[in-house]
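See below for the structure under consideration.
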Amino acid sequence: MTEPTVRPGDMHPLPEVPGERPPKPRPAPLPDPESAEYWAAARDGRLLVQRCEACGHHQLYPRAVCVVCHGPVSWIEASGRATVYSFTVIRQNHSRPFRDWMPYVVALVDLEEGPRIMTNIVGCDPEDVRVDMPVRAARFDRVSDEAGLVLFAPEG
Amino acid sequence: MTTPGGGGQSGRWFPDEMPLPAANAETAGWWEACLSHRLVVQRCRSCGATRHPPGPLCPDCRCLESEWATLPGTGTVYSYTVVRQAFLPSLADTVPYVVAAVEPDGAGGARFVSNVVECDPEEVCVGMPVEVVWEDMGPELAVPRFRPRGTAGDEGATA
Amino acid sequence: MSGRRAVIAGVATSDYPNLPGMSEHAVHAQAASRALADAGLDWSDVDGFATTGFFPMYAVGVAEYLGLRPTYFDETNAGGASFEVLVEHAAYAIERGAAEVVLVTYGSVQLSQMGRTLGTGGGGGGGRMAPGPAVYDALWGNTLVGSYALAARRHMHEFGTTTEQLASVAVTMRDHAAHNPQAQYREPITVEDVVSSRLVADPLHKLDCCVISDGGGACVVTSAERAADLPRPPVYVLGGAHATTHHMNVSADPDLTVTAAAMSGPLAFARAGITPADVDVAQIYDSFTITVVLSVEDLGFCAKGEGGAFVADGGLGLGGRLPTNTDGGGLSACHPGMRGMFLIVEAVRQLRGEGGATQVPDARIAVAHGTGGMLSTGATLVLGREAP
Ligand SMILES: [Zn+2]
Ligand SMILES: [Zn+2]
């Protein structure tokens with residue numbers, strides 16, 4: 001289909017309405033040397049996780065060293081499978097574009113590899129999200145030339 | 001009552017890109033006096049100590065009551081520097097200019113940081129007698145700057 | 001340390017909760033003047049100064065404004081927990097002999113300056129976010145309320161805590177605020193009022209969130225010797241500790257149901273030589289109802305997971321197991337952004353027997369516990385009426 005079915009909380013880019021202020025895009029991260037590869041991978045539809053070359057610990061957000069043993073780290077691609085650790089449905093946020101998407105889900109998800117990241121849960125009614133629910137990396141939204149954001153949806 | 005200071009100055013001395021000062025409830029009295037070209041200093045009603053910048057609390061006795069004392073508009077340069085590097089591109093044509101700490105007469109030792117204008121920066125010196133010159137920056141804002149004052153007879157003891 | 005003991009010799013709050021005519025700095029000045037008067041000390045006695053705010057070198061700037069030239073100063077920023085940390089540090093300085101009289105002040109006019117939508121903005125504007133650790137949780141439209149909501153949700157999931165239990169915290173605080181003529185809200189509310197108020201970020205409702213106020217406070221820390229001939233009964237700083245688990249990224253907190261209080265509380269109690277059972281009255285940071293539930297568990301007033309039942313059974317009320325926030329707290333009385341100073345002022349008033357209608361009879365030991373950031377920091381102060 002050309003136009004996705006837009007449901008509340010799906011956080012799709014807002015259409016421009018003639019005669020009104022143009023909608024604000026989602027904020028984009030400015031990459032730095034530690035994060036550039038992570039954001040670029042998400043732009044290209046891949047979710048990366050750092051793995052410690054010394055102790056094998058997996059971590060996000062990206063850092064220059066392992067947070068456990070402070071050894072060197074390198075990138076691996078994550079499976080995209082995760083479970084919801086906690087979530088909230090945001091019903092008050094005066095900042096654009098988020099105020100136009102309310103209600104929407106902000107969640108902490110635990111990746112199969114271990115790291116916990118913040119994200120949005122899309123592709124379902126916000127009321128249907130549950131703690132411990134299996135989710136997968138379902139959408140990679142390009143937010144700039146250098147960066148994409150990974151959004152999650154219920155598994156299956 | 002004579003008009004304090006040396007009269008007005010039209011046009012912007014700094015380029016338009018220079019940020020304008022904003023007043024709040026504590027400093028409004030000072031800026032309102034400026035608007036009518038009156039150079040004032042805040043004076044404690046309790047102990048008479050003067051202070052600048054304006055604030056609600058006397059730093060000497062911590063009294064909260066204060067008044068605005070009108071100054072004659074003359075003073076001396078306490079210290080100064082000549083700014084030679086433009087920190088905004090638009091200041092390229094303004095440098096070199098003088099930023100000075102001026103001790104206004106009658107201000108009880110309070111000092112105003114301002115500019116010394118209408119003279120060669122190389123001629124400014126510590127102890128130089130100056131007088132206020134007003135720059136009207138808009139219908140709601142006037143800013144005091146200072147220029148060399150008077151004749152050789154005025155310049156008694158420069159440090 | 002050796003013989004010198006740190007005491008709080010004077011406390012005060014500024015006017016609150018709505019100060020449209022005052023600058024932030026003027027609030028510091030008013031609170032400081034009152035606290036020094038309460039202590040029977042003069043500005044010229046002050047050789048140490050501590051405060052914190054949202055700009056670097058903030059304490060130095062406020063010292064200039066107040067006409068102080070202190071030889072001890074501190075602006076450690078732990079968000080809402082800052083003032084417990086600043087008083088702990090001040091006590092060390094007094095006990096070490098590095099200062100004689102430390103003035104600690106707080107001032108804010110966030111209500112007048114920013115209004116009532118504070119805490120529910122964020123991540124907007126369509127701009128580019130500067131790199132650095134704070135960006136990773138900032139991209140998803142989360143809010144400050146949302147971060148606490150994530151903790152509340154997880155606590156409900158793990159321990160069966162209910163929204164009604166959370167709501168009971170707000171109800172008790174409002175009961176206490178009814179006796180505080182300065183409180184921002186004083187009309188009684190019910191659990192039903194809280195759970196039927198608008199959801200801001202599930203599961204937190206509007207009435208689960210603190211009020212937004214202007215205001216400030218101050219306290220004067222000195223030595224027991226110096227306080228001996230001062231007018232007010234001294235309140236001893238028996239012990240203090242602080243800890244942090246994460247900063248802006250709640251994703252970096254391994255367990256959202258356990259806060260830094262689980263570290264700072266036991267440390268502070270051990271340093272004070274007390275147990276939670278010895279505490280007569282508590283002032284606990286109540287940015288949100290969940291903040292209090294997590295804190296009473298982590299400080300050891302009940303077991304982990306039992307905080308919901310503790311607060312719903314009247315545990316925080318007058319006559320309850322732990323009378324808490326006897327001034328009405330941040331949920332009803334006043335919350336100017338970093339409320340930690342109010343906790344100390346009210347704890348001292350209780351220990352002096354100045355609590356009025358909400359005085360806890362014969363209160364001898366009080367705890368002030370601050371929480372800052374996104375449940376990021378915790379700082380516990382144990383205060384006592386008697387010398388240790
Ligand atoms: Zn490692
Ligand atoms: Zn005075």
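Values below: all heavy atoms of this structure, side chains included; hydrogens, waters and symmetry mates excluded.
Of the listed residues (C/Ser147, C/Pro254, C/Ala149), the one with the most heavy-atom contacts under 4.5 Å to chain A is C/Pro254.
For A/Ile117, the part lying near chain C is the backbone, with the side chain staying farther off; criterion is any non-hydrogen pair under 4.5 Å.
Not one N or O on the side chain of A/Arg91 forms a donor-acceptor pair closer than 3.5 Å with the backbone of C/Asp202. Listed for the A/Ser86 side chain is a donor-acceptor partner under 3.5 Å among the backbone atoms of C/Leu150. C/Arg154 places a side-chain N or O within donor-acceptor distance of the main-chain N or O of A/Tyr85, the cut-off being under 3.5 Å.
Within residues 138-156 of chain A, the residues having any heavy atom under 4.5 Å from a heavy atom of chain C are, by residue number, A/Ser144, A/Glu146, A/Leu149, A/Val150, A/Leu151. The interface of residues 66-77 of chain A with chain C, defined by heavy-atom distances below 4.5 Å, is empty.
The only member of A/Leu108, A/Val84, A/Val131 that meets side chain to side chain contact (heavy atoms under 4.5 Å, CB included) when paired with C/Arg153 is A/Val131.
Taking both residues in full, the closest heavy atoms of C/Leu139 and A/Arg26 are given as O-NH2, 2.8 Å, listed atom of the first, atom of the second, then distance. Considering every non-hydrogen atom in both A/Thr88 and C/Gly146, the closest pair reads CG2-O, 3.8 Å. A/Asp32 and C/Gly132 make their closest contact through OD2-N, 3.8 Å (heavy atoms, listed as atom of the first residue, atom of the second, distance).
For the atom pair C/Ser251 OG and A/Met118 CE, the distance stands at 6.0 Å (nearest 0.5 Å). Separation of atoms CZ (A/Arg130) and NE2 (C/His157) is listed at 11.5 Å; rounding is to 0.5 Å.
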Test A/Val89 against C/Leu199 for side-chain contact (heavy atoms from CB on, under 4.5 Å), laying out the working first. CA-CA 9 Å; A/Val89 184; C/Leu199 274 167; over 6 Å; no
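Using bins of under 30°, 30° to 60° and over 60° for the plane-to-plane angle, the ring pair C/Tyr136/A/Tyr61 lands in the parallel bin.
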